[in-house]
Amino acid sequence: MNAQPKIAFDSISSVFELNGAPFTAVDRVSLDIAANEFVTVVGPSGCGKSTMLNLAAGLLTPTYGEVRVDGTRVTGPGPERGVIFQQYALFPWLTVRKNVEFGLELARMPAAERRRRVDEILGLVGLSDFSDALPKNLSGGMKQRCAIARAYAVNPSVLLMDEPFGALDALTRVRMQDQLLATWTEEKRTVLFITHDVDEAVYLANRVVVMAARPGRIHSIIPVDLPYPRTETIRLSDDFAQLRNHVWNSVYHQETKDIA
Ligand code: ADP
Ligand code: MG
């Protein structure tokens, strides 16, 4: 018997109203994600990626079907699900340390324990030397690492990330991928990571979910049988190139296939 999935999308449809008519953004999507699995979702703009993530976050309610986390239906946001968006959403008036500590204070963690946890997590994301800096003095990559640290600090079992590295330059982006995987290796979480970058989708994931648009649906699911830790050697390997080409073809040639 299979273990219960950590996250289950069970025949999800999300229908919005558009110019007075119903518009199906996501059409009957079913997807099980195992505990500690790293799943990336890639697809053309408008295929429903953010809608999927917001459904899992409990920020949207599906029109049909349900999302379950640990077998319990999602009806709103919850502390076991950390969400990270492209915009860093840091408190500009708080230092890096205080930003990361914020959720721990809300959770009423005692001060000494808080300090220990913040030090630990800032070390994990490589921000130990910047704990007293304000967000405005950080680079984009550092701000996003701070946001990741803040989400990680409160120990959510699920991380939901919507194009978190979308605003970063290519080199910073690659470094962030390595940093995120290092953090994830150290402290495993179930990750649902949305991107429109095919290389990023393959490099990070256990499985890549390719979505198709109009209506948003799952086109294919591609397992990535590359070992962790993922390294530059893997990034430059033939196996990686093959997988990337496969995903690329699924994403970018789906429309011609639909028409043919
Ligand atoms: P993606 O993140 O893949 O670009 P989204 O999930 O943001 O796609 O959107 C999927 C489709 O649903 C798009 O066509 C978008 O315009 C539409 N959509 C998303 N949210 C709403 C909403 N609140 N009202 C109407 N249409 C929406
Ligand atoms: Mg989106």
Side-chain angles (χ1 to χ4, degrees), residues 7-31 33 38-69 74-77 81-89 140 143-144 147-148 151 158-170 173 176-177 180 190-205 207-222 244 247-259:
I7 308 174
F9 291 88
D10 187 354
S11 305
I12 291 295
S13 292
S14 197
V15 183
F16 298 111
E17 202 184 283
L18 192 66
N19 304 325
F23 171 83
T24 303
V26 172
D27 190 25
R28 286 165 295 174
V29 164
S30 288
L31 174 68
I33 301 176
F38 201 127
V39 170
T40 54
V41 180
V42 70
S45 181
C47 69
K49 301 183 296 296
S50 293
T51 302
M52 291 265 298
L53 186 122
N54 288 328
L55 290 167
L59 300 171
L60 272 178
T61 306
T63 315
Y64 303 106
E66 63 179 30
V67 185
R68 292 183 296 275
V69 171
V74 169
T75 54
R81 281 162 287 139
V83 188
I84 296 164
F85 296 105
Q86 185 174 318
Q87 300 76 18
Y88 314 115
K143 281 184 211 169
Q144 197 57 301
I148 291 168
V158 172
L159 282 180
L160 304 169
M161 309 179 82
D162 192 354
E163 307 206 16
F165 306 151
L168 305 175
D169 66 85
R173 192 173 184 135
M176 293 294 291
Q177 292 161 5
L180 175 62
T190 309
V191 183
L192 179 63
F193 185 108
I194 310 286
T195 181
H196 58 249
D197 184 304
V198 170
D199 282 63
E200 179 167 273
V202 173
Y203 187 68
L204 294 174
R207 284 190 297 158
V208 179
V209 176
V210 177
M211 291 185 70
R214 285 171 277 116
R217 61 201 186 278
I218 292 181
H219 173 279
S220 48
I221 299 180
I222 298 163
R244 193 237 286 114
V247 173
W248 182 273
N249 284 327
S250 308
V251 174
Y252 291 96
H253 298 306
Q254 55 182 240
E255 303 191 16
T256 32
K257 250 188 241 146
D258 287 351
I259 292 163

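Remember, it's 1-based here, ligands and their atoms both numbered in the order they're listed. These figures come from a predicted structure and were not determined experimentally.
Closest heavy-atom contact between Pro44 and Met211: CD-O, 3.4 Å. Summarising the geometry of Arg217 relative to Val29, their closest heavy-atom pair is CA-CG2, 4.0 Å, with the distance given to 0.1 Å.
Gly46 N, 2.7 Å is the protein heavy atom nearest to atom 4 (O) of ligand 1. Scanning the protein for heavy atoms near atom 9 (O) of ligand 1, the closest one is Thr51 OG1, 3.8 Å. The protein heavy-atom contact nearest to atom 7 (O) of ligand 1 is Ser50 CB, 3.7 Å.
Counting heavy atoms from C-beta on, the side chains of Val198 and Val208 never come closer than 4.5 Å. Proximity of His196 to Val251: side-chain heavy atoms (C-beta onward) are nowhere separated by under 4.5 Å. The closest side-chain heavy-atom distance from Ile222 to Ser250 is below 4.5 Å. Looking only at side-chain heavy atoms (C-beta outward), Phe85 and Leu53 come within less than 4.5 Å of each other.
The shortest N or O to N or O distance between Gly48 and ligand 1 is under 3.5 Å. Residue Phe16 places no N or O, backbone or side chain, under 3.5 Å from any N or O of ligand 1. Not a single N or O atom of Glu17, backbone or side chain, sits closer than 3.5 Å to an N or O atom of ligand 1.
Counting only protein N, O or S atoms, 1 lie closer than 2.8 Å to the Mg ion (ligand 2).
The ligand atoms of ligand 1 that sit less than 4.0 angstrom from a heavy atom of Ala25 are 11 (C), 12 (O). Those atoms of ligand 1 with a heavy atom of Ser45 less than 4.0 angstrom away are 4 (O). Below 4.0 Å from some heavy atom of Phe23 lie the following atoms of ligand 1, by number and element: 11 (C), 12 (O), 14 (O), 17 (C).
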Can you list the steps and then say if Val209 with Phe9 is a side chain to side chain contact (heavy atoms under 4.5 Å, CB included)?
CA-CA 13 Å; Val209 176; Phe9 291 88; over 6 Å; no

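With sequence neighbours excluded, the residues forming a side chain to side chain contact (heavy atoms under 4.5 Å, CB included) with Thr51 are Ser14, Phe16, Ala25, Val26, Leu55, Leu60, listed by chain and number.
For atom 16 (O) of ligand 1, the nearest protein heavy atom lies 4.0 Å away or farther. There is a protein heavy atom closer than 4.0 angstrom to atom 19 (C) of ligand 1.
Atoms CD and CG, on Glu17 and Asn19 in that order, are 9.0 Å from each other to the nearest 0.5 Å. From Leu204, atom CG reaches atom CG of Asp199 across 10.5 Å, with rounding to the nearest 0.5 Å. Considering CZ of Phe193 and CD1 of Ile84, their distance stands at 9.0 Å, rounded to 0.5 Å.
The closest approach between any non-hydrogen atom of Cys47 and ligand 1 is below 4.0 Å.
Checked against Met161 for a side chain to side chain contact (heavy atoms under 4.5 Å, CB included), the options Ile194, Leu192, Val191 give a single hit: Val191.
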